[in-house]
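Notes follow the structure.
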Amino acid sequence: MPDKSIKLLTYNVHSCIGSDRKLDPGRIASVIAETEADIIALQEVDVGRRRTGGIDQAHVIASLLKMQAHFHPALSIAEEQYGDAIISALPTGAIKAGPLPSVGEARGALSVEVTAGDRKLLVVNTHLGLRGRERIRQMTTLLNSGWLHGTAETPLPTILCGDFNAIPSSATYRLVARSLKDAQIAAGGAPKATFPARYPLMRLDHIFVTEDLVVQRATVLQTRLTRVASDHLPLLAEISFA
């Protein structure tokens with residue numbers, strides 16, 4: 001009997017600016033709350049940026065959900081930061097954050113060890129670049145350089161997720177699919193696109209898991225709220241230990 005399953009959500013929140021141009025972190029928190037996700041990986045989070053009112057979006061969303069936020073700025077300009085966050089109410093341990101080889105806009109990744117029941121899990125969240133070659137270098141870094149093993153002696157069951165800016169026919173997707181399972185495919189059923197939110201055509205947001213995890217369900221959330229809250233749709237997976 002596997003332990004209780006964990007719900008993981010990956011969501012590019014577009015600085016909490018919706019397709020109606022409204023800035024509304026509360027709306028993003030509502031989308032997340034409806035999913036009852038245990039672990040949330042967010043991309044395009046603003047912290048202290050003038051364009052979004054100077055607030056710490058990671059902290060605001062986490063507070064609304066009564067969770068803890070871990071944030072890594074891929075980009076820092078003076079006091080302004082922009083990057084990725086992992087939010088959870090579950091206990092978290094070792095955290096690793098750092099840059100990825102980038103051309104143009106700086107990109108990074110954030111990993112957190114999460115304790116679920118009596119098991120540990122590594123969650124790695126990233127937002128890859130816009131150029132094909134750059135994405136290959138970034139994904140190669142994530143797959144090879146200790147990102148996927150955490151600090152434990154033996155590798156932990158691992159989830160690698162985020163906005164990969166890569167469709168399934170791309171070299172980047174094929175690279176990661178060689179060593180990890182795509183949650184949407186592992187769950188069975190037809191995979192759904194995540195971008196753009198109003199009329200989704202491309203599958204850019206992904207959740208990949210190691211062989212020691214079982215994906216029970218994977219859903220792209222298409223509701224009136226998700227179509228307007230960001231330019232990406234959130235992807236939710238229910239995962240248990242094998």
Side-chain angles (χ1 to χ4, degrees), residues 6-75 80-90 92 97 105 107-110 112 114 123-128 159 161-165 183-184 192-200 202-207 218-238:
I6 293 150
K7 284 185 175 178
L8 178 127
L9 185 82
T10 182
Y11 196 10
N12 179 327
V13 297
H14 196 239
S15 304
C16 300
I17 298 165
S19 52
D20 55 0
R21 305 217 173 131
K22 271 195 199 141
L23 168 66
D24 193 349
R27 184 163 61 177
I28 293 291
S30 299
V31 167
I32 297 167
E34 275 178 30
T35 69
E36 299 183 337
D38 303 294
I39 304 165
I40 302 103
L42 303 179
Q43 305 85 39
E44 293 197 15
V45 177
D46 277 13
V47 169
R49 296 197 80 174
R50 211 170 303 138
R51 68 178 187 184
T52 45
I55 66 166
D56 179 335
Q57 292 185 343
H59 181 73
V60 167
I61 293 166
S63 311
L64 289 168
L65 297 168
K66 300 185 168 49
M67 294 184 177
Q68 293 289 312
H70 301 286
F71 172 74
H72 172 248
L75 196 63
E80 300 196 13
Q81 298 182 319
Y82 170 79
D84 311 303
I86 292 175
I87 292 173
S88 185
L90 295 170
T92 54
E105 187 182 307
R107 305 285 177 167
L110 169 66
V112 175
V114 180
V123 178
V124 184
N125 176 26
T126 191
H127 184 191
L128 302 184
I159 299 170
C161 65
D163 175 359
F164 293 0
N165 270 314
Q184 282 211 64
K192 300 278 199 302
T194 57
F195 179 84
R198 280 184 187 272
Y199 306 102
M202 293 187 278
R203 201 150 81 82
L204 300 181
D205 303 271
H206 303 281
I207 296 171
T219 326
V220 173
L221 300 153
Q222 275 189 282
T223 65
R224 186 181 292 169
L225 188 59
T226 61
R227 281 192 197 98
V228 74
S230 172
D231 62 344
H232 285 245
L233 293 172
L235 169 62
L236 179 71
E238 200 170 320

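- Legend: residues meeting side chain to side chain donor-acceptor pair (under 3.5 Å) with Gln222, ordered by chain and number and at least two apart, are absent.
- Under the 4.5 Å side-chain criterion, counting only non-hydrogen atoms from C-beta, Leu221 is not in contact with Leu233.
- Taking all atoms of both residues into account, the shortest heavy-atom contact from Val123 to Ile86 is O-CD1, 3.6 Å.
- Looking at heavy atoms from C-beta onward, Leu42 lies in side-chain contact with Ile32 at the 4.5 angstrom threshold.
- Residues Thr126 and Phe164 have side chains in contact (heavy-atom distance under 4.5 Å, counting atoms from C-beta outward).
- Shortest non-hydrogen contact noted between Asp163 and Asn12 is OD2-ND2, 2.9 Å.
- Remark: Glu34 engages no residue in a salt bridge (Lys or Arg N to Asp or Glu O under 4.0 Å) (not counting sequence neighbours).
- In this structure, Phe71 has no ring-ring contact (aromatic ring centres under 6.0 Å, His included) partners at least two apart in sequence or on a different chain.
- Asp231 places no side-chain N or O within 3.5 Å of a backbone atom of Pro196 that could act as its donor or acceptor partner.
- Residue pairs meeting the side chain to side chain donor-acceptor pair (under 3.5 Å) criterion with at least one member in residues 15-32, sequence neighbours excluded, are Ser15-Asp46, Ser15-Arg51, Ser19-Arg198, Asp20-Arg27.
- For Ala69, the side chain to side chain contact (heavy atoms under 4.5 Å, CB included) partners are Ala58, Ala62, Ile87, not counting sequence neighbours.
- Using modelled atom types, no side-chain atom of Gln184 and backbone atom of His206 make a donor-acceptor pair closer than 3.5 Å.
- Proximity of Leu128 to Arg107: side-chain heavy atoms (C-beta onward) are nowhere separated by under 4.5 Å.
- With sequence neighbours excluded, no residue satisfies salt bridge (Lys or Arg N to Asp or Glu O under 4.0 Å) with Glu44.
- Partners of Gln43 by side chain to side chain donor-acceptor pair (under 3.5 Å), not counting sequence neighbours, listed by chain and number: Thr10, Asn125.
- With contacts defined as side-chain heavy-atom distances shorter than 4.5 Å, the pair Ser88/Val112 does not qualify.
- Taking the side chain to side chain contact (heavy atoms under 4.5 Å, CB included) definition, one finds that Gln68 meets it with nothing, sequence neighbours left out.
- In this structure His72 satisfies the ring-ring contact (aromatic ring centres under 6.0 Å, His included) test with no other residue, sequence neighbours excluded.
- Looking at residues two or more places apart in sequence or on another chain, you find a side chain to side chain contact (heavy atoms under 4.5 Å, CB included) between Val60 and Pro25, Ile55, Leu64.
- Partners of His14 by side chain to side chain donor-acceptor pair (under 3.5 Å), not counting sequence neighbours: none found.
- Side-chain contact between Pro234 and Thr35: absent, with no pair of heavy atoms (C-beta onward) separated by less than 4.5 Å.
- By the side chain to side chain donor-acceptor pair (under 3.5 Å) test, Thr194 is found to be paired with Asp205, residues two or more places apart in sequence or in another chain being considered.
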